[in-house]
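First the structure, which I've put down as structure tokens, then a few questions once you've had a look.
Computed over heavy atoms, backbone and side chain alike; hydrogens, waters and symmetry mates excluded.
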Amino acid sequence: NFVGIEKYPSVLAAAINKINAREEKVNNLRLMHYDAIELHQVFEKDEVDKIFLNFSDPWPKKRHTKRRLTSPAFLDVYQNILIDNGELILKTDNRSLFEYSLVSFQNYGLHFEDVCLDLHYSEGYEDNIQTEYERKFSPFGPIYQVKTTFKGVNKNG
């Protein structure tokens, strides 16, 4: 089962329209309008297996660093709702966000399971499922991916 979470209603409405326009019925997906910083109000401690951050807003201005979905405040939330050894997977075309995220993950103590600097032109990623944004942006440069776990990081309280 998958839960898609979107902060902005207009983006969520567009996703709903695309799902409804499909010929095949989607039975294992639910969408919700929510701010990721408050996911602890939706999911219990240790309830989520994986979190995918696919082509998140990079919030490039320094003053917006706290809004990045890979900043420490968000990592606190993810750590709480992920099961032990649950994965946090980031895919982006934005090099600055990718580099920031690597440093943020390292500083937080996350365990790097895999880092890929060019997802579409590296061996071993043939099973990659491309998102709409991924198809849109891949012709313009590499797609970066990092898979991490909170292995060895003390669980928050």
Inset, instruction - Report yes if the side chains of F55 and E134 come closer than 4.5 Å at any heavy-atom pair, otherwise no. - result: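 A side-chain contact exists here, since the closest heavy-atom pair is under 4.5 Å.
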Solution key, residues 24-34 side-chain donor-acceptor pairs under 3.5 Å, sequence neighbours excluded:
from : atom 1 : to  : atom 2 : distance (Å)
E24  : OE1    : R22 : NH2    : 2.6
H33  : NE2    : K7  : O      : 2.9
Y34  : OH     : Q41 : OE1    : 3.3

Inset, instruction - Evaluate the ring planes of Y108 and F150, with Trp represented by its six-membered ring, and classify them as parallel (under 30°), tilted (30 to 60°) or perpendicular (over 60°). - result: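 Rings of Y108 and F150: perpendicular, over 60°.
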Legend entry - Distance, nearest 0.5 Å, that separates CD1 of I81 from CG of D46: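 The CD1 atom of I81 sits 10.0 Å away from the CG atom of D46.
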Inset, instruction - Any chance you could measure K147, atom NZ, to H111, atom NE2, to the nearest 0.5 Å? - result: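 K147 atom NZ to H111 atom NE2 measures 13.0 Å (nearest 0.5 Å).
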Legend entry - Separation of R68 CZ from L75 CG (nearest 0.5 Å):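 Here the rounded value is 12.5 Å.
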Inset, instruction - For T92, check side-chain hydrogen bond (donor to acceptor under 3.5 Å, both in side chains) against everything at least two apart and list the hits. - result: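 side-chain hydrogen bond (donor to acceptor under 3.5 Å, both in side chains) check on T92 returns nothing, list empty.
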Inset, instruction - Mind checking the CG-CD1 spacing from L82 to I51? Nearest 0.5 Å is all I need. - result: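 Atom-to-atom, L82:CG and I51:CD1 are 4.0 Å apart.
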Inset, instruction - Determine whether more than 12 heavy atoms belonging to other residues, nucleotides or ligands lie under 6.0 Å from atom CZ of F112. - result: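 More than 12 heavy atoms, drawn from other residues, nucleotides or ligands, come within 6.0 Å of this atom.
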Legend entry - Residue pairs passing the side chain to side chain donor-acceptor pair (under 3.5 Å) test where at least one lies in residues 94-103, sequence neighbours excluded: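 Only T70-S101, R95-E99 qualify under side chain to side chain donor-acceptor pair (under 3.5 Å).
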Legend entry - Those residues that, when tested against E87, pass salt bridge (charged side-chain N to carboxylate O under 4.0 Å, His left out) (two or more places apart):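 By the salt bridge (charged side-chain N to carboxylate O under 4.0 Å, His left out) rule, E87 matches K50.
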Inset, instruction - Could I get the full list of ring pair (Phe, Tyr, Trp, His ring centres under 6.0 Å) partners for F98, not counting sequence neighbours? - result: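 Expected list: Y144.
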Inset, instruction - Tell me who clusters with V103, hydrophobic residues only, linked when side chains sit under 4.5 Å apart either directly or through other members. - result: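 In the cluster with V103 there is nothing else; it is isolated.
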Inset, instruction - Calculate, to the nearest 0.5 Å, the distance between atoms CG and CD1 belonging to L119 and I143 respectively. - result: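 Here the rounded value is 7.5 Å.
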Inset, instruction - Using modelled atom types only, decide if a donor and an acceptor are shared between the side chain of E126 and the backbone of G124 within a distance under 3.5 Å. - result: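 Checked: pair present.
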Legend entry - I37 side chain near V77 side chain, heavy-atom distance below 4.5 Å: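 The answer is yes, as the side chains (C-beta and beyond) meet within the 4.5 Å cut-off.
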Legend entry - For N85, side chain to side chain contact (heavy atoms under 4.5 Å, CB included) partners two or more places apart: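 Testing N85 for side chain to side chain contact (heavy atoms under 4.5 Å, CB included), a comparison that skips the adjacent residues, returns K151.
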Legend entry - Nearest non-hydrogen partners of L117 and P142, listed with the distance: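 What the structure gives for the nearest pair is O-CB, 3.4 Å.
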Inset, instruction - Could I get the full list of ring pair (Phe, Tyr, Trp, His ring centres under 6.0 Å) partners for F43, not counting sequence neighbours? - result: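 In terms of ring pair (Phe, Tyr, Trp, His ring centres under 6.0 Å), with neighbours along the sequence ignored, F43 is linked to no residue.
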Legend entry - Residue Y133 excluded, over 12 heavy atoms near OH under 6.0 Å: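 No, OH of Y133 has 12 or fewer neighbouring heavy atoms, counting only those of other groups under 6.0 Å.
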Inset, instruction - If you link ILVMFWY side chains whenever their heavy atoms are less than 4.5 Å apart, which other residues fall into the same cluster as V11? By chain and number, please. - result: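 Under the 4.5 Å side-chain rule, V11 groups with Y8, W59.
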Inset, instruction - Would you please name every residue forming a salt bridge (charged side-chain N to carboxylate O under 4.0 Å, His left out) with K62, sequence neighbours left out? - result: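 By the salt bridge (charged side-chain N to carboxylate O under 4.0 Å, His left out) rule, K62 matches no residue at all.
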Inset, instruction - Calculate, to the nearest 0.5 Å, the distance between atoms CD1 and CD belonging to I5 and E38 respectively. - result: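 Taking CD1 in I5 and CD in E38, the distance rounds to 11.5 Å.
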Legend entry - Contacts of R67 that satisfy salt bridge (charged side-chain N to carboxylate O under 4.0 Å, His left out) - sequence neighbours left out: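 Testing R67 for salt bridge (charged side-chain N to carboxylate O under 4.0 Å, His left out), a comparison that skips the adjacent residues, returns none.
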Inset, instruction - Mind checking salt bridge (charged side-chain N to carboxylate O under 4.0 Å, His left out) for K66 and listing every partner two or more places apart, or none if nothing turns up? - result: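 So K66 forms no salt bridge (charged side-chain N to carboxylate O under 4.0 Å, His left out) with any residue.
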